[in-house]
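Shown next, in C-alpha cells, is the structure this report addresses.
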Amino acid sequence: DVLQVCHRQGATDSKIKANSEQGNDIKGLCEKYPSITKICFASGASTATFFRKHNKEWLETQGAFTFASDQATQKVFAKYIPRHAKAQSRSSSGSSSSSS
C-alpha cells in the first residue's frame, strides 16, 4: 500500500480526506530489498498520485526511475519524466510498418 494511514468515508480513494494521509516508506522497502525492480499501481492514477505526493524528493533523483510509456503513467509523472524520454515514448507508441 502506498498509504500507511488515511482518513476516509467508504472504500474509494476519492473519499480520502485531504492531508489526512501518511505515506508508507516505499523507498526504504526498495533499499532493504534491492531485488525489487518495479513499482506498479494496480488501482490506477489515484494511487500513483499519492505515491508522487509522498515521494517527490525520490522522484526528483536523476536516474532513480524508468517510467512506463502508457498514457496514465505519462500523465501522473509528467513532471519527472525527462523530455527526451517523453519524445521517445511518443515515437515508440505509434504504428510502424515495413515493406520487403
Atom pairs and distances, donor-acceptor, side-chain atoms in residues 46-55, under 3.5 Å, two or more places apart:
| residue | atom | partner | partner atom | Å |
| --- | --- | --- | --- | --- |
| S46 | OG | D13 | OD2 | 2.9 |
| T47 | OG1 | S43 | OG | 2.3 |
| T49 | OG1 | A45 | O | 2.7 |
| R52 | NH1 | V76 | O | 2.6 |
| K53 | NZ | N19 | OD1 | 3.3 |
| K53 | NZ | E21 | OE2 | 2.4 |
| H54 | NE2 | E21 | OE2 | 3.4 |
| N55 | ND2 | F51 | O | 2.9 |

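- Of all non-hydrogen atoms in T73 and A68, the two that sit nearest each other are CG2-O, 3.5 Å.
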N/O donor-acceptor pairs under 3.5 Å from side chains in residues 22-38, not counting sequence neighbours:
| residue | atom | partner | partner atom | Å |
| --- | --- | --- | --- | --- |
| Q22 | NE2 | Q4 | OE1 | 3.1 |
| N24 | ND2 | D1 | O | 2.7 |
| D25 | OD1 | G28 | N | 2.8 |

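- Residues passing the side chain to side chain contact (heavy atoms under 4.5 Å, CB included) test with K17 are H7, S20, sequence neighbours excluded.
- Between Y80 and F67, the shortest heavy-atom contact is O-CE1, 3.7 Å.
- Distance check, rounded to the nearest 0.5 Å: CD of E57 to CD of E60 gives 7.5 Å.
- Minimum interatomic distance between L3 and C6 (heavy atoms only, all atoms of both residues): CD1-CB, 4.1 Å.
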